[in-house]
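As the structure is a computational prediction, the values presented were derived from the model and not from experiment.
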Amino acid sequence: NGYVWEKIDSPTKNDLFAVSFKDPENGVITGENGTILVFAGNTWKQLDKRIKANLYTAQYLNDDIILGGGMELLNVPIMKMAVKWGYSLTTLFDSNIAVLGLAFTSPENGWVIGSPGVLLHFDGKNWIKPSFDYRFPSLNHLSFSDENNGFSVGFSGTILAFNDGTWIREESGTNMHLNGSAIAGVNYYAVGDQGTILVRKQEKDNEELKSEEIFDESIRLFPNPCRDFLNVDFSGMENDSPVTISIMDL
């Protein structure tokens with residue numbers, strides 16, 4: 001209420017996993033066994049959509065609600081619920097994954113994460129699986145500040161950062177499972193098991209390692225400092241001449 005947290009009467013005893021608000025008067029909560037709660041008229045009411053699976057994620061997108069979830073041996077599509085049409089459900093994508101998180105910046109641009117180790121992009125018409133030259137475990141949560149900047153967190157301290165069309169694996173400094181993420185201004189936050197709280201500034205994305213042996217901007221090395229992961233970018237080179245990389249100790 002602006003001063004203290006208070007417990008609100010809930011129409012369900014099921015575990016709840018996700019919450020999203022369009023504005024102070026319109027919200028949605030999803031949970032286990034297909035639980036969907038909608039906030040309208042200053043009260044929460046439960047919808048009967050007869051969904052058997054757990055609904056792990058939900059997002060208000062204009063006048064629609066995007067839902068995702070999963071359950072063992074049960075196929076759960078990514079769904080759109082039209083608020084203005086009596087909360088009617090339609091299928092956006094009939095996937096065979098457990099959808100654990102989603103983030104849409106517009107109806108024509110969205111990302112979905114799931115298990116096992118799935119990351120999908122929606123361009124308004126098609127669902128596309130980006131190619132990666134590295135492997136990563138299942139992701140648990142993702143956040144976007146706009147269509148060009150976002151990140152996702154997951155098991156074993158995994159952090160993938162998205163910048164201008166490219167996903168880059170970052171060093172988190174922890175092996176703890178990361179379960180939540182948020183972007184506030186230039187700060188990126190990740191939280192996880194055993195009280196883990198991580199933060200970094202967005203400007204770190206473009207910080208480069210400087211060396212006396214690099215005389216121009218044709219080669220970029222980032223992040224700095226790094227521990228397990230170092231990105232080497234040769235895209236600024238004007239030709240396809242051979243490159244030799246030497247890694248030495250102190």
Side-chain angles (χ1 to χ4, degrees), residues 17-23 26-30 36 55-70 76-85 87-134 136 138-154 158-170 178-190 200-206 231 235:
F17 302 132
V19 58
S20 177
F21 271 77
K22 173 186 176 182
D23 52 49
N26 296 276
V28 62
I29 293 174
T30 58
I36 302 176
L55 297 176
Y56 296 118
T57 183
Q59 180 189 340
Y60 243 102
L61 183 64
N62 299 330
D63 292 325
D64 298 321
I65 299 171
I66 313 299
L67 307 169
V76 181
I78 301 170
M79 297 168 286
K80 180 174 70 174
M81 189 164 63
V83 176
K84 287 187 175 181
W85 299 101
Y87 300 105
S88 60
L89 282 172
T90 57
T91 297
L92 281 182
F93 182 58
D94 195 6
S95 68
N96 59 354
I97 65 173
V99 177
L100 302 179
L102 53 84
F104 279 73
T105 59
S106 72
E108 291 75 37
N109 184 69
W111 293 90
V112 168
I113 56 172
S115 177
V118 173
L119 192 154
L120 297 173
H121 179 238
F122 181 64
D123 63 5
K125 295 182 180 179
N126 302 308
W127 293 86
I128 303 167
K129 185 177 181 180
S131 60
F132 296 90
D133 56 4
Y134 53 86
F136 55 89
S138 293
L139 302 170
N140 295 324
H141 202 268
L142 78 167
S143 299
F144 273 76
S145 57
D146 55 57
E147 63 181 12
N148 294 317
N149 294 281
F151 77 116
S152 182
V153 301
T158 299
I159 296 181
L160 304 183
F162 182 80
N163 181 258
D164 290 335
T166 303
W167 287 96
I168 295 175
R169 185 167 183 175
E170 295 189 339
L178 301 176
N179 307 314
S181 63
I183 301 175
V186 298
N187 288 333
Y188 284 30
Y189 294 92
R200 75 155 172 81
K201 292 187 180 297
Q202 186 175 1
E203 290 87 350
K204 290 293 184 181
D205 286 342
N206 299 319
N231 298 281
S235 60

Original post:
Mind checking what makes ring-ring contact (aromatic ring centres under 6.0 Å, His included) contact with Phe93, not counting sequence neighbours?
Top reply: Trp127

Subject >> Asn148 side chain to Asn163 side chain, donor-acceptor N/O pair below 3.5 angstrom >> reply: no

**OP:** State, without any angle test, whether His121 and Asn109 hold a side-chain donor-acceptor pair at a distance under 3.5 Å.
**Re:**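 Looking only at side-chain atoms, Asn109 and His121 do form a donor-acceptor pair, the distance falling under 3.5 Å.
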
Is the shortest side-chain heavy-atom distance between [X] and [Y] below 4.5 Å?
X      : Y      : result
Ile36  : Val28  : yes
Trp111 : Trp167 : yes
Ile78  : Phe122 : no
Asn62  : Phe104 : no
Ile65  : Ser20  : no
Thr158 : Leu178 : no

Subject >> Expected output: side-chain Ser138 to main-chain Gly117 donor-acceptor under 3.5 Å >> reply: yes

Original post:
Hey, is the main chain of Ile183 close enough, under 3.5 Å, to the side chain of Ser143 for a donor-acceptor pair?
Top reply: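 No; judged by distance alone, with no hydrogens or angles, the pair does not exist.
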
Subject >> Residues, nucleotides or ligands: over 12 heavy atoms within 6.0 Å of Lys80 NZ >> reply: no

